[in-house]
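FYI, the numbering just counts along the sequence from 1.
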Amino acid sequence: VDDLFDIRQGIRTGHKKVYILDDEQFSELPDLEKEYFRPAVVNESIKFGYLRRIAYAFFPHGKQNEFNNENELVERLPFYSQTDLLPNKSVLQKRARIDSTKWWELQWHRTWLEERKSKLLSTSYGDSGSFAWDKEGDFVVVQGNAWICRKGEMTEKQNLAYLAILN
């Protein structure tokens, strides 16, 4: 497996209740704020080899989603800041490996997720059917791993073939 794939661990939020939203919570966000979230792979996201959008991760990383300061954060995300981030600020500032001046960032955001690329995914705890293919590269891994081909981008047929074998 190691010859074919670079298996990468997903993000670590440091406080899942703040950073991971379910469908209902995500639907309550104003449309302009939804762009700061990405579909998240949690254990329940993959069933029978299919990837489902059931959770969303706040992802304030990458060129377009970064915030220079708290004022900019509150200005661009007024709803989410007031409902989730600011009420938990003191807890978020105390997480390990966090710059306290950028307390809203994820504990480990995984720079390889900033660029959207197709990837095979697996859950942390799964059985057969616990692998899926993220064709568009939209998903961020929270509970699981990404399987990145060491030899560059694979074709759709290759991805589906490996998906069938892994499942």
Side-chain angles (χ1 to χ4, degrees), residues 1-67 76-77 80 84 95-98 102 104-167:
V1 169
D2 196 44
D3 291 341
L4 295 171
F5 295 100
D6 179 15
I7 302 173
R8 297 184 180 177
Q9 189 178 37
I11 63 173
R12 295 294 175 256
T13 66
H15 202 298
K16 285 183 192 169
K17 289 182 181 182
V18 172
Y19 292 104
I20 308 299
L21 305 182
D22 62 25
D23 273 331
E24 185 178 329
Q25 293 168 307
F26 182 72
S27 69
E28 292 172 358
L29 288 175
D31 287 342
L32 291 175
E33 294 188 29
K34 288 179 181 178
E35 68 185 68
Y36 296 93
F37 289 79
R38 304 234 329 246
V41 175
V42 295
N43 284 325
E44 299 79 26
S45 298
I46 301 174
K47 295 289 182 204
F48 308 111
Y50 289 97
L51 191 54
R52 304 176 310 151
R53 291 175 185 252
I54 62 166
Y56 297 84
F58 179 55
F59 197 77
H61 302 280
K63 294 175 187 174
Q64 298 167 341
N65 287 358
E66 290 181 358
F67 302 97
R76 288 166 47 196
L77 295 171
Y80 183 63
D84 293 276
R95 295 172 296 155
R97 298 182 177 96
I98 290 294
K102 292 191 173 187
W104 56 85
E105 292 185 344
L106 300 173
Q107 191 169 21
W108 288 341
H109 84 275
R110 313 297 186 196
T111 55
W112 60 270
L113 282 167
E114 290 177 14
E115 187 177 345
R116 296 176 190 230
K117 290 185 174 183
S118 68
K119 55 196 168 290
L120 291 170
L121 303 167
S122 63
T123 61
S124 290
Y125 305 101
D127 204 346
S128 60
S130 296
F131 288 83
W133 179 38
D134 177 11
K135 182 178 181 178
E136 305 302 323
D138 289 338
F139 283 76
V140 293
V141 181
V142 178
Q143 294 174 320
N145 296 291
W147 296 54
I148 311 295
C149 182
R150 290 191 181 275
K151 297 176 181 169
E153 289 283 322
M154 292 189 292
T155 67
E156 183 170 349
K157 284 184 180 181
Q158 289 171 320
N159 274 294
L160 294 174
Y162 278 113
L163 181 60
I165 292 166
L166 292 167
N167 275 319

J.: Nearest 0.5 Å, please: how far is CG in L121 from CG in L163?
T.: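 Result: 9.5 Å between the selected atoms.
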J.: How far apart are the closest heavy atoms of E105 and R95, and which atoms are they?
T.: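 So the two residues come closest at O-NH2, 2.8 Å.
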J.: Check whether any side-chain heavy atom of D134 sits under 4.5 Å from a side-chain heavy atom of L51, and report yes or no.
T.: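 SC-SC contact between D134 and L51 confirmed.
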J.: Nearest heavy-atom pair of Y125 and N43: which atoms, and what distance?
T.: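 Taking Y125 first and N43 second, the nearest heavy atoms are N-OD1, 3.4 Å.
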J.: Does R150 use its side chain to pair, donor to acceptor, with the backbone of F5 at less than 3.5 Å?
T.: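 Between the backbone of F5 and the side chain of R150 there is a qualifying donor-acceptor contact (under 3.5 Å).
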J.: State whether the number of non-hydrogen atoms from other residues, nucleotides or ligands found under 6.0 Å of Y162 atom OH is greater than 12.
T.: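 Result for OH/Y162: open.
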J.: To the nearest 0.5 Å, tell me how far I11 CD1 sits from W112 CH2.
T.: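 Going from CD1 on I11 over to CH2 on W112, the span is 9.5 Å.
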J.: With respect to F131, which candidate in L120, T123, I165, N167 satisfies the side chain to side chain contact (heavy atoms under 4.5 Å, CB included) definition?
T.: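 Filter result, single survivor: N167.
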J.: Does anything in residues 121-133 pair up under salt bridge (Lys or Arg N to Asp or Glu O under 4.0 Å), and if so which pairs, sequence neighbours excluded?
T.: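 Listed once each, the pairs would be none.
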J.: Of all heavy-atom pairs between S118 and N159, which one has the smallest distance, and what is that distance?
T.: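 Reported closest heavy-atom pair: OG-ND2, 4.5 Å.
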J.: For side-chain contact (heavy atoms from CB on, under 4.5 Å), just list the numbers for Q143 and K16, CA-CA rounded to whole Å, side-chain angles, deciding distance to a tenth of an Å, and then say yes or no.
T.: CA-CA 11 Å; Q143 294 174 320; K16 285 183 192 169; 3.1 Å; yes
J.: Taking atom NZ of K119 and atom SG of C149, what is their separation to the nearest 0.5 Å?
T.: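 Separation between the atoms: 14.5 Å.
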J.: Which value, rounded to the nearest 0.5 Å, describes the distance between L29 atom CG and D84 atom CG?
T.: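 One gets 8.0 Å once the value is rounded to the nearest 0.5 Å.
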J.: Is there a side-chain contact between H61 and R110 in this structure, where contact means two heavy atoms from C-beta onward sitting under 4.5 Å apart?
T.: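 No, side chains not in contact.
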J.: Please name the pair of heavy atoms, one in S124 and one in G144, separated by the smallest distance, quoted to 0.1 Å.
T.: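 Taking S124 first and G144 second, the nearest heavy atoms are OG-N, 3.0 Å.
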J.: Report the relative orientation of the aromatic rings in F58 and Y19; use parallel for angles under 30°, tilted for 30 to 60°, perpendicular for over 60°.
T.: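 Parallel: the ring planes of F58 and Y19 meet at under 30°.
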J.: Could I get the full list of side-chain contact (heavy atoms from CB on, under 4.5 Å) partners for E156, not counting sequence neighbours?
T.: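 Counting only residues at least two positions away or on another chain, E156 forms a side-chain contact (heavy atoms from CB on, under 4.5 Å) with W133, K135, L160.
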J.: Show every donor-acceptor pair shorter than 3.5 Å between a side-chain atom in residues 32-42 and any protein atom, with sequence neighbours excluded, or say none if there are none.
T.:
unit_1 : atom_1 : unit_2 : atom_2 : d
E33    : OE1    : Y80    : N      : 2.9
E33    : OE2    : F79    : N      : 2.8
Y36    : OH     : R76    : NE     : 2.9
Y36    : OH     : R76    : NH2    : 3.1
R38    : NE     : D138   : O      : 2.8
R38    : NH1    : L113   : O      : 2.9
R38    : NH2    : L113   : O      : 3.3
R38    : NH2    : G137   : O      : 3.2
R38    : NH2    : D138   : O      : 3.4

J.: Could you measure the distance from the CG atom of D23 to the CD1 atom of I54? Nearest 0.5 Å is fine.
T.: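 Result: 7.5 Å between the selected atoms.
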J.: Main chain of S45, side chain of R53: is a donor-acceptor contact present, judged purely on distance under 3.5 Å?
T.: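 Between the backbone of S45 and the side chain of R53 there is no qualifying donor-acceptor contact (under 3.5 Å).
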J.: Which atom pair, heavy atoms only, marks the closest approach of S130 to I46?
T.: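 That closest heavy-atom pairing would be C-CG2, 3.6 Å.
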J.: Side chain of R52, backbone of E44: donor and acceptor closer than 3.5 Å?
T.: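 Yes; judged by distance alone, with no hydrogens or angles, the pair exists.
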J.: Would you check if the side chain of E66 reaches a backbone N or O of K63 as a donor-acceptor pair within less than 3.5 Å?
T.: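 Absent.
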J.: What's the spacing between K151 NZ and L4 CG if we round to 0.5 Å?
T.: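 These two atoms lie 6.0 Å from each other.
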J.: Hydrogens and angles aside, do E114 and H109 bring a side-chain donor and acceptor to less than 3.5 Å of each other?
T.: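 H109 and E114 do have a side-chain donor-acceptor pair below 3.5 Å.
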J.: Between N145 and G10, is there a donor-acceptor pair closer than 3.5 Å when you use the side chain of the first and the backbone of the second?
T.: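 Checked: no pair found.
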